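Take a look at the structure below.
In this text the structure is predicted, and so the values were computed from the model without any measurement.
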Amino acid sequence: MLKQIAWNTFKNTGDINTYLELKQVRDMEQIIKAEKYENIKDEGNSNYRK
């Protein structure tokens with residue numbers, strides 16, 4: 001949702017700062033998704049039993 005708001009603001013104003021903020025949000029989302037994937041992957045490969 002935040003991406004959509006930033007993109008629409010950029011389209012309407014043409015402000016480069018808004019575009020750069022949009023790019024930062026996208027980059028952060030990709031990092032978060034990669035970290036979540038790594039956490040799930042690590043939990044799934046456990047052979048340890050309690």
Side-chain angles (χ1 to χ4, degrees):
M1 182 159 162
L2 182 60
K3 291 190 306 185
Q4 191 63 35
I5 293 169
W7 178 245
N8 287 337
T9 303
F10 172 69
K11 287 193 304 187
N12 292 333
T13 64
D15 184 17
I16 191 68
N17 291 326
T18 305
Y19 175 74
L20 294 175
E21 289 174 8
L22 170 66
K23 187 170 176 1
Q24 287 178 340
V25 168
R26 286 183 180 168
D27 293 342
M28 284 190 279
E29 285 180 346
Q30 289 177 350
I31 291 169
I32 291 169
K33 285 179 184 178
E35 288 175 356
K36 283 183 180 179
Y37 175 75
E38 287 298 320
N39 289 339
I40 291 170
K41 184 179 170 185
D42 290 341
E43 290 174 3
N45 289 334
S46 177
N47 290 327
Y48 178 75
R49 290 187 180 184
K50 292 183 180 180

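The shortest side-chain heavy-atom distance between Lys23 and Asp27 falls under the 4.5 Å cut-off. Looking only at side-chain heavy atoms (C-beta outward), Val25 and Glu21 stay at 4.5 Å or farther from each other.
Asn8 contributes atom CG, which lies 4.5 Å from atom NZ of Lys11 (distance to the nearest 0.5 angstrom).
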Assess whether side-chain contact (heavy atoms from CB on, under 4.5 Å) is satisfied between Gln24 and Leu20, documenting all intermediate values. CA-CA 6 Å; Gln24 287 178 340; Leu20 294 175; 5.8 Å; no
